[in-house]
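We're numbering straight along the sequence, starting at 1.
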Amino acid sequence: MVSRPDARTLIETVLDAGSWKSWDAPPADPVAPGSSYADELATARAKSGYDESIITGEGLLDGRRVAVVVSEFSFMAGSIGVAAAERVVLAAERATRERLPLLAAPASGGTRMQEGALAFVQMVKITAAVQAHRAAGLPFVVYLRHPTTGGVFASWGSLGHVTAAEPGALIGFIGPRVFESLHGYPFPEGVQVAENLHEHGLVDAVVAADDAREIAIGALNVLCAERTGLVAGEPPEEDLRPVEAWEAITRSRRDDRPGARTLLKLAATDVTPLTGNGAGENEPGLVLALARFGSAPAVVLGQDRRRARPSSPLGPGGLRMARRGMRLAAELGLPLVTVIDTPGAALSKAAEEGGLAAEIARCLADLVMLDAPTVCLLLGEGAGGAALALLPADRVLCAQHAWLSPLPPEGASAILYRSVDFAPEIAQLQGVRATDLRRNGIVDRVIPEVPDAAYEPRAFCERVGRALEYEIAGLLARSPADRRAARQARFRGLGG
């Protein structure tokens with residue numbers, strides 16, 4: 001049976017023992033004494049042991065000072081009235097002033113009906129305070145509890161940089177009881193459940209309260225990581241044996257070649273996977289995560305062809321998920337690492353109607369203008385627009401057997417000769433190899449494979465991790481304006 005702790009128990013579970021300090025003053029009730037609503041409030045206080053549906057304060061999370069906002073459902077179904085909203089807003093504003101990460105754990109039926117329209121519009125006030133906190137470059141982490149519905153889910157419950165949910169929690173816009181009362185039949189089962197939201201990319205993880213602490217610690221270790229004065233060791237020397245283009249392409253397609261997920265597992269720490277684009281789309285062939293390479297924090301978004309469904313390669317939804325990572329990096333000033341490993345984008349009616357070309361264009365535009373430091377890693381296959389969409393970066397690294405081409409060589413051969421038989425010759429002529437890409441100014445550094453990444457996955461991934469740490473540390477030492485100008489000049493000068 002799932003444990004569903006109340007607000008105080010959740011705080012004790014997540015924060016360091018004995019570190020909690022309340023920020024709350026007695027609430028100012030917007031109600032006349034002796035009214036029926038005043039009686040309801042008095043009864044709720046006596047039964048629940050809470051003075052309002054929201055408690056706020058601060059504490060330590062693995063030694064890190066954090067601000068906390070938690071709902072209490074036993075107080076009038078966690079509903080939000082003027083007094084509760086004021087607590088959320090004051091906490092968010094104080095967290096912003098004191099530059100604290102803000103952790104929120106809503107459990108609410110939404111607006112308090114007894115206070116009507118004035119309570120309803122409090123969600124705007126709360127949203128403004130949360131957005132001001134985010135605009136200050138501060139993390140907002142959300143843990144959705146059972147149940148979270150209505151205006152709370154449609155405002156601050158859906159604004160987290162990282163969002164987890166309680167197992168089996170009812171989470172949705174309209175409460176099922178209200179829906180059935182209005183329509184005369186029940187809402188479909190299994191839709192407004194945490195696990196279904198995770199499957200559709202609306203929450204990043206489904207974890208019990210005991211594990212929510214570890215999720216928050218890992219995320220904040222990246223989101224709040226030091227970004228000045230990083231010292232990284234020298235990257236590996238390039239000691240490359242000559243390799244033909246077709247041999248590199250063949251090696252890049254091996255099933256046992258390490259991909260983006262293997263790289264995170266073997267070369268990174270504090271890895272917090274993120275799921276979906278927040279708009280109901282999830283792409284198994286795209287990795288989105290917070291991670292650290294050595295001392296360097298990063299948002300990582302990468303293609304992992306081994307997880308892509310054979311019948312559904314990377315499509316517009318996956319690129320919208322990638323753009324979520326770009327926005328996250330830009331908002332929090334985190335370095336962004338893109339990982340290219342794709343046989344190509346989806347070629348289908350659904351992809352065309354879903355805006356594939358437009359999403360590639362938007363990825364390119366976002367990356368070219370991003371204020372955050374950017375590093376691109378060509379890890380394996382780099383075919384077509386799906387590869388190009390993640391390429392623009394301040395620094396571009398390339399594994400020795402990775403490659404970049406407008407089409408898979410077989411496709412180029414078919415265009416030129418109406419046959420795929422000339423793919424090896426086409427690949428050689430097109431300059432798709434890592435060493436060719438470096439010679440033409442597309443790639444800055446080639447990472448050796450000794451003799452092939454598939455034979456030495458751990459050593460290879462650790463080599464990549466050291467190179468990423470080195471490049472990120474160097475970029476963080478430069479101003480955003482200088483980085484962006486140099487990035488634009490870099491691509492302007494290609495072929496010139």
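Arg484 places no side-chain N or O within donor-acceptor distance of the main-chain N or O of Asp371, the cut-off being under 3.5 Å. Counting only distance, with no hydrogens or angles, the side chain of Ser35 and the backbone of Ala32 share a donor-acceptor pair below 3.5 Å. A side-chain donor-acceptor contact under 3.5 Å links Thr127 to the backbone of Met123. Judged by distance alone, the side chain of Arg395 and the main-chain N or O of Pro373 form no donor-acceptor pair under 3.5 Å. Between the side chain of Tyr143 and the main chain of Val207, a donor-acceptor pair closer than 3.5 Å is present. Checked by atom type and distance alone, the side chain of Glu98 never pairs as donor or acceptor with a backbone atom of Leu100 at under 3.5 Å. In this structure, the side chain of Arg261 does not engage the main chain of Asp304 through any donor-acceptor pair within 3.5 Å. A donor-acceptor distance shorter than 3.5 angstrom exists from the side chain of Arg324 to the backbone of Gly276, with no hydrogens or angles considered. Put simply, the side chain of Thr275 never gets that close to the backbone of His198: no donor and acceptor are under 3.5 Å apart. Looking only at distances, a side-chain donor or acceptor of Asp24 sits under 3.5 Å from a matching main-chain atom of Thr56.
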Requested in this report: Any chance you could lay out the side chain to side chain contact (heavy atoms under 4.5 Å, CB included) test for Val299 and Leu288, step after step, and finish with the verdict?
Outcome: CA-CA 7 Å; Val299 176; Leu288 180 57; 4.1 Å; yes

Report task. Assess whether side chain to side chain contact (heavy atoms under 4.5 Å, CB included) is satisfied between Leu301 and Val337, documenting all intermediate values. Result -> CA-CA 6 Å; Leu301 61 92; Val337 172; over 6 Å; no

Query - Pair Thr338-Leu377, side chain to side chain contact (heavy atoms under 4.5 Å, CB included): steps then yes or no - result: CA-CA 6 Å; Thr338 64; Leu377 169 66; over 6 Å; no

Query raised in the report: Can you check side chain to side chain contact (heavy atoms under 4.5 Å, CB included) on His133 and Leu102, steps first, answer last?
Result: CA-CA 8 Å; His133 183 267; Leu102 180 59; 3.6 Å; yes

**Report entry** Full working for salt bridge (charged side-chain N to carboxylate O under 4.0 Å, His left out) between Arg87 and Glu52
**Finding:** CA-CA 9 Å; Arg87 281 191 173 176; Glu52 247 302 343; over 6 Å; no

Query raised in the report: Run the salt bridge (charged side-chain N to carboxylate O under 4.0 Å, His left out) check on Asp16 and Arg213 step by step: do they pass?
Result: CA-CA 9 Å; Asp16 298 354; Arg213 170 179 166 87; 3.0 Å; yes

Requested in this report: Could you give me the CA-CA distance, side-chain angles and deciding distance for Lys349 and Glu352, then say whether salt bridge (charged side-chain N to carboxylate O under 4.0 Å, His left out) is met?
Outcome: CA-CA 5 Å; Lys349 177 179 182 291; Glu352 293 291 338; over 6 Å; no

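Between Leu60 and Leu15 the shortest side-chain heavy-atom distance does not fall below 4.5 Å. In this structure the side chain of Val142 reaches within 4.5 angstrom of the side chain of Phe140, judged on heavy atoms. Residues Leu332 and Leu223 have side chains in contact (heavy-atom distance under 4.5 Å, counting atoms from C-beta outward). In this structure the side chain of Leu118 reaches within 4.5 angstrom of the side chain of Val82, judged on heavy atoms. Using a 4.5 Å cut-off on side-chain heavy atoms (C-beta onward), Ile55 and Ile11 make contact. Considering only heavy atoms from C-beta on, Arg483 stays 4.5 Å or farther from Ser479 through its side chain. Side-chain contact check for Val464 versus Leu397: every heavy-atom pair is 4.5 Å or farther apart. Residues Arg45 and Pro27 are in side-chain contact: their nearest non-hydrogen atoms beyond the backbone lie under 4.5 Å apart.
Defined by atom type and a distance below 3.5 Å, a donor-acceptor pair is missing between the side-chain atoms of Trp20 and Glu12. Checked by atom type, the side-chain pair His161/Glu331 shows a donor-acceptor distance below 3.5 Å. Asp204 and Thr163 form no side-chain donor-acceptor contact under 3.5 Å, judged by distance and modelled atom types alone. Looking only at atom types and distance, the side chain of Thr9 has a donor-acceptor partner in the side chain of Asp6 under 3.5 Å away.
Atoms CG and CG, on Leu388 and Leu367 in that order, are 10.0 Å from each other to the nearest 0.5 Å. Note that CZ of Phe187 and CD of Glu180 are 12.0 Å apart. Values are rounded to the nearest 0.5 Å. Note: Asp62 CG to Leu220 CG = 10.0 Å, rounded to the nearest 0.5 Å. Atoms CD1 and CD, from Ile80 and Glu86 in turn, are 12.0 Å apart once rounded to the nearest 0.5 Å. Atom OG of Ser295 and atom CZ of Arg292 lie 7.5 Å apart (nearest 0.5 Å). If you take CZ on Arg327 and CG on Asn277, they are separated by 7.5 Å, rounding to the nearest 0.5 Å.
Closest non-hydrogen pair, Leu390 versus Gln303, comes out as CD1-NE2, 3.7 Å. The shortest heavy-atom contact between Ala372 and Asp394 is O-OD2, 4.0 Å. When all heavy atoms of Arg227 and Gly333 are compared, the pair lying nearest together is NH1-O, 3.3 Å. Across all non-hydrogen atoms, the minimal contact from Ser53 to Arg112 is OG-NH2, 3.3 Å. Scanning all heavy atoms of the two residues, the minimum distance from Val70 to Ala7 falls at CG1-CB, 3.5 Å. Residues Met326 and Asp366 come closest through the heavy atom pair SD-CB, 3.7 Å.
For the pair Arg8 and Tyr50, the distance from NZ or CZ to the six-membered ring centre is under 6.0 Å and the angle to the ring normal is within 45 degrees.
For the pair Glu359 and Arg323, the salt-bridge criterion is met [side-chain N within less than 4.0 Å of a carboxylate O]. Ion pairing between a basic and an acidic side chain is recognised when a charged N comes within 4.0 Å of a carboxylate O; Asp482 and Arg487 show no such pairing.
Atom OH of Tyr37 is surrounded by more than 12 heavy atoms from other residues, nucleotides or ligands within 6.0 Å.
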